[in-house]
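Before any comments, here is the structure.
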Amino acid sequence: MDLSLSEEQQLLKQGVEDFVAREAPLEAVIELTDSELGYSPEHYARVAELGWLGAAIPEQYGGAGLGLTDAAVLFEAFGYAALPGPFISSGVVSALIVEEAGSEEQRAELLPRIASGQAIAVLALTERGYGWGPEGVHMRAASSNGDYVLDGDKLFVHDAIGATHFITAVRTGDDGALTLLVVDASAPGVSVRRLQGFTGSECVVRFEGVRVPASAALGDGGAVEHPLDRALTKAAPVLSAYQVGGGQAAFELAVDYSRERRQFGQPIGRFQHVQNHIIQLVNHVDASRWTTYEALWRHDSGKPGIEVASHLAKAVTSEGFVHAVNYSHEVHAGVGVMHEYGLTLYTTLSRSLYHQLGSPRYHRRRLADLLVDYDLGPDPLD
Amino acid sequence: MDLSLSEEQQLLKQGVEDFVAREAPLEAVIELTDSELGYSPEHYARVAELGWLGAAIPEQYGGAGLGLTDAAVLFEAFGYAALPGPFISSGVVSALIVEEAGSEEQRAELLPRIASGQAIAVLALTERGYGWGPEGVHMRAASSNGDYVLDGDKLFVHDAIGATHFITAVRTGDDGALTLLVVDASAPGVSVRRLQGFTGSECVVRFEGVRVPASAALGDGGAVEHPLDRALTKAAPVLSAYQVGGGQAAFELAVDYSRERRQFGQPIGRFQHVQNHIIQLVNHVDASRWTTYEALWRHDSGKPGIEVASHLAKAVTSEGFVHAVNYSHEVHAGVGVMHEYGLTLYTTLSRSLYHQLGSPRYHRRRLADLLVDYDLGPDPLD
Amino acid sequence: MDFEPAYTPEQRAFRAEVRAWLDDHVPHVEGDQDSDENYAKYRQLGRDLGERGWLRPTAPVEYGGGGLSVDHAIVLAEEMDRHDLTSPPYYDSGGSLGGASILVWGSEEQKRRLLPPIFRGETVTWQLLTGPEAGSDLASTETDAMRDGDEYVINGTKVFIGGSHGADSFWTICRTDREGARHQNVSWFMIPSDLPGITVERMYLLSDGREGIGRGYKNTIYFDNARVPAENLVGGENNGWKVASTHLELEHGSGGRIARNVWFERTRDRLRSLPANGAHPLEDAETRGLLADLFMETEVQRLFELRNFWMNRTHQDMSYEGPQASYYRKMSGLRASQIMLELLGPYAQLNDAEFDPTGGRFDSYLRNAIVSLHPGGTADIQKVIMARRIGIGRGERERAGRTVE
Amino acid sequence: MDFEPAYTPEQRAFRAEVRAWLDDHVPHVEGDQDSDENYAKYRQLGRDLGERGWLRPTAPVEYGGGGLSVDHAIVLAEEMDRHDLTSPPYYDSGGSLGGASILVWGSEEQKRRLLPPIFRGETVTWQLLTGPEAGSDLASTETDAMRDGDEYVINGTKVFIGGSHGADSFWTICRTDREGARHQNVSWFMIPSDLPGITVERMYLLSDGREGIGRGYKNTIYFDNARVPAENLVGGENNGWKVASTHLELEHGSGGRIARNVWFERTRDRLRSLPANGAHPLEDAETRGLLADLFMETEVQRLFELRNFWMNRTHQDMSYEGPQASYYRKMSGLRASQIMLELLGPYAQLNDAEFDPTGGRFDSYLRNAIVSLHPGGTADIQKVIMARRIGIGRGERERAGRTVE
């Protein structure tokens, strides 16, 4: 048993923390959120250059071939900085989908471009209908002269602005088979608009008579449900790590503020009400951290219980991040809701990421279905 | 709008409070819980004599003919004193069932005896199977020469020790119609045993070849589902009022203790952690109180929304009582778990009454089913 | 007991009159409710109401109020609520709370001079309470008002003030004795907003313009040797803490309200309107359970407000009920927002003309569930006051502040 | 990272040895585990373990311990856990925590004299911490120990002590200077329980005899001029607060543990065994959701303990992790008990031979979820310590107490 980061992971963590502290201090990130793209292409290029974008992509496809835990160490530091951009959407979620569901040829073509940042691919899964998993995909792609023709909207697509490809989940054929089409964002009939609200990078992606060749379908013709599910099960705890980083930042902001801010003649941290907020906050962050890292370890070491651990982590973390931020707001009171202070970056993220790759309820339900007959495994002592 | 008690209700409340303070101080109640019967027959006789047992029974049947709210005022004071005995089980639950489901003849025969305390009738509804509403009744009563013959166990029957009659829910006939049989507790083949555990008055009532005449079935032969449901819907907020009284006692014990007990050089109530417990406590008690009284008012004044209000009240109150007691324990620490102190009376009650007449989950589900199409009614302003 | 308001024939007749008048006068606005153009319409509605004495119905006629009974006031508030409007229909905290405080603490001359413009809706007044240093600790204000002849010279900064459309006067607490003991060194002033030396600067918050009419953003207000006439000091020099106790009691929610459980209805109806994916979510047991949770949260909150309304209007002795309702509103609102997030999914976050027909109603609820945690005293402060009123760990139970003369 | 204990071949061999030995020696008891007769069997098991050095495996051989490595201790603890037993298998808090504290603070002579009986399982020792006045505020003890020649004269009362089967010694904190400054006026003593002037009286609690072996009830202990030899004072006169910091750090959960998530498994399996009414409850979405909630509660708790186990054994710098796990265990236990109450219905409350095949396992869990809120410092105290360690609102972050020499 060893719950520490390896030496390499420590170095990576330090490197990433230095990078974001230098390149993306909180003031810069606040400004970015008001930009049209919502993130900095320079950051994106730089991260690709450093080899971090392809952290979880195998070396043979131009990535760094690190484990999911390594990737999580990296993205946790991004989450700590609230760094916006399609890092996880493209570099992790889409890369894993291509890896799991794509043919060898597709992997060889797409993954290196994702790793280098030339291609920014994002998953376009959910639609207007209630329900956020693959079972919610109803959009049909009609066959026409060997091409597929897409019509319809994909909603709540994260990081769609600036993307070059949409991995679009559709139904094809008479049996309505789930199919993942890699659609060029510049194809005629594709349009993207950011959704307005208490949202992060969520967009609507609209397909109007968009033609793509049959070869745009990921895979060798087999069913993609399982590969897609495997990819999302792997990606979820990496996204959780980003949330852990955000929660950690909300925690540190609260601790620092509690030490500096004075009310009624003393630092507010002396008040047990304030202490209580911070204690609940750190409990949420730590619960998120350890469920997340256990899930990552199960993935990386091929231990059983991968699915249970992933659903657990995403449920605990998405819920925990929202609570963590709320408690930080209770500590900060008025100052915390000012745009220029920075806490609201995390507030918005906590709501936005709540649903990305499935809400706590979605994961709790999948977890529950598994738990009925879940075998905790042989006693580790046997 | 008037949320105060009427003058008569104030007098009743005062009278009951004086009665319990005099006849059933906490020390006496603690002793009672260790007795075989679990309550004092003298208390029961005295309460009947004072006309309180028949508070909710119509005057024509020997009761006081008061409203449910009046009965609740009375039983809230009993709950405050943690007074044990089949007061609500017989005087409210069973009386309402007889009133709603019984024939005129049965009402005339049973209700005066319940009101006078000569008969102690309790409902024997739940069985071994999971699920605590009438839908959980599977026990069959076979027909034999015009009699019914009962075999089987009724579990978690409250206040069965000392009862003279069991209103026993069974299935009869080819259609398995729900039937309520009034079974004499002294009939051959009936036996009662208190269930052991973190329980109050819960018992198992065993029927072994028990014969009762066909006339023991409540009603004129029509279906009893609806009358039973109406009776339980009415009884629930009266039981809630008893829980409110218990929560109020847990609150007052905590406040008094926080003022007297000193730690680290000051009364513990000066610590915000302790204040927080008491504030959460009183919020639970007040939420319970006002949902309960609104339900009672709807019943008494024939307003719409009776069912929604009753389910809401029982769900909020059963949950709230458990939380109230838990917070009181947090304030009291070690002292609170000592038998002789008295708080544990309420602790045990809060767990026992949690399930009586349906757990919060049962009521929440029934509430949810109603809410989907619930019409909050015309705007009161129209 | 009776949980329903019983209306007298007189009230019913008054309601018909008010309803017809409001139907005629409440402006029909398009687009952003809070645009300058639309704001002007709501301001006019305020003036029209004020002219009839309907803006501050129970305030005395001699000071510009309506001189009407509480019965009338209830009807007016309820009818405004039907239009989703408060009274006044725009941000005017200094008028609402300052007006009431001046009625208790002002001299006869001050009442005659300061109250009519407020009560008639001629002016808008902001309350300036907290400063960068003060937070919830009002008594530690560092905005100074130093006597100089017939004037007080004001210096300092107030934050989280007002809304997006300016005000005519500021109702504020200042330190009048730098050396004085805590709670005995502050005073209240009504300050014309156009005095030289006053600067107003915008503050952008998470609520981001979606809080209601005139509440788009907040402001920082700087006083740099602004000179206010001494006759505008209310309640006596260094007597400000007593005035504050009236002011804060009102702010802390002891007034209560009668209202429908609108957020339950709105959420359920929005859920029903969402496109289903196979079976409708409302047929799912877990979704229905969440709906029940929302109902429980909102009903308890409604009942606490109802109780306070009744206690306040019937002059019951109030203890911890004001801060309890305030605390519960804050925390219950946060829990409700979380339930909405689960129930409506990402639709709860939208303020998007194409995909959200509610005009951003839930987006706004979610944001304000956070932003509302601190105004009028943080949730923690509400708990501190509750504890004092309950008398936890103290010799004496604190009494509620005076809210009527 | 590696979340699984990796066992060396040596550990695996040791495990086989321990397992076989325990299978032979753990008594098979019938009826009440805590009857006098059964208790005697567990006491014998303790002595047998002690003889082999397996009772306190890492304690030095020269003081009666096993002199084994942490690796061995882990295996021993795990194998005892498989039999649902702790080490020692009966209530002996004064031995476990006092033994460790004496190792840090005792003189060589004291170690040689006081430790062997404890480490060999020859004696049972209770810790006597709180008094009627002290609660969580250990430093305010009013049990006095006044020097008189070669003895200290003890007077006072300690409450919530020990269990149902007596003890040989008491490990306790007393005030040795009535006028001394707080934290500088207390000392620790090892007191033979049979000294004249000591009276033990039973206290009945909500846990009501179902807490484990020897934990049936608690006791009040009265000292009336009991005279203890001065050589039994440990750590120096008036130096008791430093000893306490070692003692409390251990008690506050920084040790952690490795364990299976047994309460999830037990609850699910009990649920599965319940007779269904139509469709089995496990097929109901809401019931499954509650099961998931229980899993979340218990997994987080398990992971906090696992983290602390790892930190403690690898000598990581610990901060708030000890009290965090302790606080979480208390509150999470309470939440879990509530989930059990909903999941299993009234079956969760039973300790009834006919209807509860678990021997009252859930009844006991539900009771102890409440009773466990205060021992080892209330949940509030855990929060106070966490806050100090995090450094909230203070200049310096407090460091954890010394737990090894």
Side-chain angles (χ1 to χ4, degrees), chain A residues 1-6 9 69 251 254-255 258-259 261 266-272 274-276 278-280 282-283 286-291 293-294 296-298 300-301 303 308-309 311-312 315-316 319 331 361 363-374 376-377 379-382, chain D residues 1-7 15 19 75 78-79 81-82 258 260-262 264-265 268 272 282-283 285-296 299-304 306-307 309-311 313-314 316 320-321 323-324 327-328 331 380 382-384 386-388 390-395:
Chain A
M1 182 168 46
D2 180 6
L3 302 187
S4 61
L5 298 181
S6 68
Q9 286 166 340
T69 308
F251 168 64
V255 171
S258 81
R259 292 164 64 90
R261 171 71 165 176
Q266 50 187 324
I268 59 168
R270 294 290 182 108
F271 296 107
Q272 291 186 333
V274 172
Q275 295 179 3
N276 187 53
I278 293 179
I279 286 163
Q280 305 306 332
V282 78
N283 288 349
D286 285 347
S288 300
R289 170 173 292 116
W290 294 108
T291 51
Y293 277 92
E294 197 195 9
L296 292 162
W297 163 73
R298 287 194 182 276
D300 282 342
S301 59
K303 294 287 171 189
V308 162
H311 292 307
L312 174 72
V316 167
E319 190 93 28
V331 174
R361 186 151 64 117
H363 287 282
R364 176 172 172 270
R365 188 174 279 205
R366 293 202 56 183
L367 177 64
D369 290 345
L370 292 167
L371 286 176
V372 174
D373 296 307
Y374 183 52
L376 291 194
D379 196 313
L381 316 183
D382 284 324
Chain D
M1 282 197 184
D2 187 359
F3 281 70
E4 260 176 12
Y7 297 103
R15 184 183 305 283
R19 193 172 291 184
V75 169
E78 288 167 351
E79 291 300 315
D81 203 36
R82 286 171 61 93
I258 299 181
R260 250 176 118 75
N261 187 343
V262 290
F264 164 72
E265 280 183 312
R268 181 193 56 185
R272 185 178 282 140
L282 272 171
E283 288 165 36
E286 218 175 51
T287 306
R288 290 155 88 114
L290 282 168
L291 200 63
D293 290 341
L294 181 65
F295 188 70
M296 292 190 213
E299 279 294 280
V300 170
Q301 174 56 25
R302 183 182 67 77
L303 286 164
F304 281 1
L306 188 78
R307 174 200 61 190
F309 181 93
W310 167 75
M311 291 185 84
R313 299 310 186 280
T314 56
Q316 307 286 319
Y320 61 84
E321 291 85 356
Q324 180 186 45
Y327 172 72
Y328 209 84
M331 303 320 295
D380 291 349
Q382 307 303 328
K383 288 203 283 191
V384 167
M386 274 187 81
R388 286 189 198 141
I390 295 173
I392 307 171
R394 286 179 177 248

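Letters go in sequence order (proteins before strands), and every chain restarts at 1. What you see below is based on every heavy atom in this structure, not just the backbone, and it leaves out hydrogens, waters and symmetry mates.
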### Message
Between D/Asn261 and chain A, with a heavy-atom cut-off of 4.5 Å, which part of the residue counts as in contact: side chain, backbone, both or neither?
### Response
both
### Query
Which bit of A/Ser301 is near chain D, if near means a heavy-atom gap under 4.5 Å: side chain, backbone, both or neither?
neither
### Query
Which heavy atom in A/Glu294 sits nearest to a heavy atom in D/Arg302, and how many Å separate them?
OE1-NH2, 3.1 Å
### Message
Between A/Ile268, A/Thr291, A/Val308, A/Asn283, who has the most heavy-atom pairs with chain D when the cutoff is under 4.5 Å?
### Response
A/Asn283
### Task
Verify side chain to side chain donor-acceptor pair (under 3.5 Å) between A/Gln280 and A/Asn276, making sure each step is shown before the conclusion.
CA-CA 6 Å; A/Gln280 305 306 332; A/Asn276 187 53; 2.9 Å; yes
## Note on the structure
Residues D/Gly391 and A/Arg259: closest non-hydrogen pair is O-NH1, 2.5 Å
### Message
Is A/Tyr374 in contact with chain D via its backbone, its side chain, both, or neither, using a 4.5 Å heavy-atom distance?
### Response
both
### Query
Which atoms of D/Arg268 come close to chain A, meaning under 4.5 Å heavy atom to heavy atom: side chain ones, backbone ones, both, or neither?
side chain
### Task
Quick one: which of D/Glu265, D/Gln316, D/Glu299 has the most heavy-atom pairs under 4.5 Å with chain A, could you say?
D/Glu265
### Task
Decide, yes or no, whether a salt bridge links D/Glu78 with D/Arg82 under the criterion of side-chain N to carboxylate O below 4.0 Å.
no
### Query
Would you say A/Trp290 and A/Leu3 make side-chain contact, with heavy atoms under 4.5 Å?
yes
### Message
Given heavy-atom pairs under 4.5 angstrom as the criterion, report whether the side chain, backbone, both or neither of D/Leu303 touches chain A.
### Response
side chain
### Task
Indicate the atoms forming the closest heavy-atom contact of A/Ile278 with A/Ala254, along with that distance.
CD1-O, 3.8 Å
### Message
So for D/Phe3, is it side chain, backbone, both, or neither that comes closer than 4.5 Å to the heavy atoms of chain A?
### Response
both
### Message
Heavy-atom pairs under 4.5 Å with chain D: which of A/Leu296, A/Asp300, A/Leu370, A/Val282 has the most?
### Response
A/Val282
#### Entry: Options A/Val274, A/Thr69, A/Leu312, A/Val316, ranked by heavy-atom pairs under 4.5 Å with chain D, top entry
A/Leu312
